[in-house]
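Computed from heavy atoms alone, side chains included, the values below leave out hydrogens, waters and symmetry copies. Each ligand, and each atom within it, is numbered from 1 in the order the structure gives.
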Amino acid sequence: MLVCEHVEQLRLELDAHRRAGRTIAFVPTMGNLHEGHLQLVRLAKSNADVVVASIFVNPLQFGLNEDWEKYPRTFDADCAQLDGEGCDYLLYPNERDVYPNGMSLQTRVIVPAMTDILCGASRPGHFEGVTTIVAKLFNMVQPDKAIFGIKDFQQLAVIRKMTEDLCLPIEIIAAPIARADDGLALSSRNGYLTSIERPIAAEVYRSLQLAKHALECGRRDFHQIEHESQQHLVAHGMRIDYLSIRRVDDLEPATASDRNVVILVAVFLGNTRLIDNLQVAI
Ligand code: PAF
């Protein structure tokens with residue numbers, strides 16, 4: 001795997017592949033890779049001739065009191081894992097090259113729909129930071145396809161919308177959620193959990209399964225179902241950010257006539273914020 005710290009080098013490499021008619025798939029990450037990321041790389045490999053990953057812990061998508069500074073940086077281990085999966089290129093840019101005019105003067109990409117609800121409500125500016133960096137990375141790499149995990153369901157929906165609205169010729173491919181044996185969705189932030197918190201964190205997935213079961217039994221009292229799953233989480237010592245049953249298409253609250261819904265959850269377990277979701281056809 002070739003590590004490119006400068007986009008010019010990557011562009012030269014990728015131009016040659018494009019001229020040879022090869023397709024390029026892109027996996028943007030913030031590093032601290034786990035099995036979930038590696039599954040994205042495998043999906044990229046099965047969908048294109050050349051795979052490019054990126055590692056950039058994007059300060060623009062973190063709030064002032066969030067974990068940008070302590071976000072785990074594990075570059076050597078990440079490189080070894082990407083290499084092991086047969087990733088061809090790693091873009092590893094520095095902050096000066098990504099934000100040459102500083103962050104406050106950075107041109108922003110704003111998706112007006114779906115960004116001020118759920119995670120967007122509790123993390124103001126977060127999605128603006130995500131869409132801005134993803135648009136920049138898309139311009140740097142100019143891939144044919146890009147892979148994003150369904151675990152960040154709202155992020156995936158917002159990026160799909162941005163790609164469509166900006167007429168970007170990039171196919172967005174969704175990768176299933178990778179889970180630990182007890183159901184916990186894999187996330188770099190799981191590393192913040194203490195040994196006491198880690199088994200409790202699996203209750204997040206159980207709360208989603210409880211709600212899914214209620215929906216599959218034909219119940220449509222959405223608020224009551226949400227309340228019951230929330231109580232399950234509270235009983236396990238978690239603080240609820242949201243647990244909500246939404247329409248898949250636009251993330252608005254589900255109604256009895258909706259057929260494809262998604263149960264989305266964000267909680268705090270100690271100091272760690274965990275998110276997860278489960279889609280249900282009802
Ligand atoms: O999902 C992530 O890791 C990040 O939000 C992304 C897409 C790499 C943008 O920084």
Table of N or O contacts for ligand 1, cutoff 3.5 Å:
unit_1, atom_1, unit_2, atom_2, d
ligand 1, 1 (O), Q155, NE2, 2.8
ligand 1, 5 (O), Q61, NE2, 3.0
ligand 1, 5 (O), Q155, OE1, 2.8
ligand 1, 10 (O), Q61, OE1, 2.6

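The salt bridge (Lys or Arg N to Asp or Glu O under 4.0 Å) pairs that include a residue from residues 54-80 are E66-R123, D67-R189, where partners are two or more places apart or lie in different chains. Counting only residues at least two apart or on different chains, the salt bridge (Lys or Arg N to Asp or Glu O under 4.0 Å) pairs with a member in residues 105-118 are R108-E128. Sorted by first and then second residue, the pairs that involve residues 23-40 and meet salt bridge (Lys or Arg N to Asp or Glu O under 4.0 Å), not counting sequence neighbours, are E35-R42.
Proximity of the aromatic rings of F56 and Y92 is defined here by a centroid distance below 6.0 angstrom, and this criterion is not met. Ring centroids of H227 and H223 are separated by 6.0 Å or more, keeping the two rings apart.
A salt bridge does not link R206 with D276: every distance from a Lys NZ or Arg NE/NH1/NH2 to an Asp or Glu carboxylate oxygen is 4.0 Å or more.
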